[in-house]
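The chains referred to below are lettered A, B, ... by the order of the sequence lines, with proteins before strands, and numbering in each begins at 1.
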Number of protein chains: 2
Amino acid sequence: MRHTKTSKTKVVRGPYKNGIRRRREIIESASRIFASHGYNSGTLRQIAKEVGVTPAALARHFDDKEGLLSAVLANWDSQARARNPGDVRGLAHFVRLRDAVIYNQANRGLIELFLTLSGESTNPKHPAREFIQQRYRDVVEKGAQLLREARDAGEILWMDDETIVAEIRTLYAMMDGIQLQWLVDPEVDLVGVFSHALSIILERWTGRKDVLPPLVTRT
Amino acid sequence: MRHTKTSKTKVVRGPYKNGIRRRREIIESASRIFASHGYNSGTLRQIAKEVGVTPAALARHFDDKEGLLSAVLANWDSQARARNPGDVRGLAHFVRLRDAVIYNQANRGLIELFLTLSGESTNPKHPAREFIQQRYRDVVEKGAQLLREARDAGEILWMDDETIVAEIRTLYAMMDGIQLQWLVDPEVDLVGVFSHALSIILERWTGRKDVLPPLVTRT
DNA sequence: GTCTATAAGAAGATAGAC
DNA sequence: GTCTATCTTCTTATAGAC
């Protein structure tokens with residue numbers, strides 16, 4: 001043992017090392033539980049049991065259930081942003097959406113959490129509603145910005161700003177919808193259908209047929 | 001009063017008239033509650049309170065909560081089918097989807113119920129999962145059938161059967177996704193975005209630009 | 001057919017020992 | 001920082017009066 005129990009001497013410990021790890025474990029477990037059961041039906045007891053602590057311990061890290069939800073959403077957000085580097089500008093950003101879907105197929109948790117909470121957030125009083133609303137606004141705003149850049153750089157055929165917003169909303173609606181179909185029924189060929197739809201959109205935007213490179217599978 | 005209270009004579013009454021009305025009221029209320037709170041979070045107490053009866057009365061009409069859900073889903077299904085007459089064949093069926101979305105905008109309940117339960121049915125153990133899966137399969141199957149008919153009748157440009165299924169899945173994914181965006185944030189221009197997307201799909205299928213008639217608003 | 005009353009259990013939250 | 005134990009509240013479901 002590195003630190004024997006000393007009753008009076010002041011020992012400077014590694015600051016909250018276990019606490020931080022525990023906190024991360026709780027957030028990861030809560031993300032899984034909220035993803036599969038939703039926020040309302042996912043219980044603190046389930047989460048505590050999965051982590052291997054008692055429900056009371058959760059309250060030491062997060063004030064209450066909503067506090068835990070906030071931490072889960074913040075964590076989800078940072079993970080989503082980390083996988084979506086800001087240096088991919090213009091049309092290339094949309095080509096990359098296929099990789100995002102491939103990632104989601106192998107890592108069901110993140111998209112399941114988002115779509116489960118989106119469905120629940122149909123209810124105006126849901127605690128995640130504002131977050132989900134803002135997330136959609138951000139995604140649409142950023143997508144529209146990138147598509148305008150692509151247009152101004154001559155990467156795509158001309159569209160007016162209003163059309164661009166409708167195109168972006170349609171693209172993400174289609175992406176969410178296919179992923180929802182796949183979550184409800186894993187038999188659905190998620191990547192196949194999405195690749196088909198994405199390539200059609202990119203062809204229409206650019207007027208070219210070779211924008212989406214063929215899928216390469218590891219041998 | 002038509003039937004005074006007779007203690008011994010056997011009076012054949014109108015069979016369960018109040019019971020049937022009550023049953024319908026319960027189903028309508030349960031549909032609203034399940035739509036806004038989901039199945040797990042929607043409680044029998046809420047439903048009973050809205051109807052104006054006690055929770056125990058619900059058990060007289062439906063064995064348990066899942067029985068009530070089954071009745072709600074059956075009712076939803078029959079309403080959805082009633083608004084979608086089978087005699088509209090070929091391409092006209094898809095042109096009509098805009099009317100379906102306009103209806104959903106004015107009657108939020110039906111689509112909210114479907115998408116809320118779809119989100120919950122991400123969980124393999126959800127009692128509505130099989131229904132939702134089957135519903136998607138039916139919609140895709142019927143849509144593909146109609147599009148094949150349209151192709152064979154020369155209404156659209158040629159596509160192979162596999163492409164048709166992907167096109168249908170994409171169309172309904174887009175439709176669900178836009179409606180989800182609108183449910184979460186009513187500021188979204190549901191009909192505008194959907195009309196934009198639908199007209200593009202129809203133009204691509206047919207090679208013509210006038211397939212979706214312009215929106216006429218009542219004066 | 002509908003009610004009151006209540007059983008039996010599970011939820012979120014908290015007090016206090018260690 | 002984590003635990004046991006407990007509180008209050010809310011759920012589903014049922015028993016029995018009317």
Between Glu28(B) and Arg24(B), is the closest basic N to carboxylate O distance under 4.0 Å?
-> yes

Identify whether the distance between the nearest side-chain nitrogen and carboxylate oxygen of Asp185(B) and Arg129(A) falls below 4.0 Å.
-> no

Quick one: do Lys142(A) and Asp138(A) make a salt bridge, cutoff under 4.0 Å?
-> no

Test the Arg98(B)-Phe194(B) pair against the cation-pi criterion, namely NZ or CZ under 6.0 angstrom from the six-membered ring centroid and within 45° of the ring axis.
-> no

Aromatic rings Tyr39(B) and His126(B): how do their planes relate, parallel, tilted or perpendicular, breaks at 30° and 60°?
-> perpendicular

Looking at DNA chain D, which of residues 44-61 of chain A put a heavy atom within less than 4.0 Å of it?
-> Gly52(A), Val53(A), Thr54(A), Ala56(A), Ala57(A), Arg60(A), His61(A)

Within the structure, does a side-chain N or O atom of Arg22(A) lie under 4.0 Å from either OP1 or OP2 of dG1(D)?
-> no

From CG of Leu68(A) across to C1' of dA11(C) the rounded distance in Å is 15 Å

In whole angstrom, what separates Asp64(B)'s CG from dG9(C)'s C1'?
-> 16 Å

Can a side chain N or O of Arg23(B) be found less than 4.0 Å away from OP1 or OP2 on dG1(C)?
-> no

Would you mind checking if Glu141(B) and Arg135(B) are paired as a salt bridge, meaning a charged N to carboxylate O distance below 4.0 Å?
-> no

For the pair Phe94(A) and Trp205(A), name the ring-plane relationship: parallel under 30°, tilted 30 to 60°, perpendicular over 60°.
-> perpendicular

Separation of dT12(D) P from Phe62(B) CZ (nearest whole Å) = 15 Å

Taking DNA chain C as the partner, which of residues 31-43 of chain A come within under 4.0 angstrom of it by heavy atom?
-> Gly42(A), Thr43(A)

Got Val53(A) and Arg22(A) here, is their nearest side-chain heavy-atom distance under 4.5 Å?
-> yes

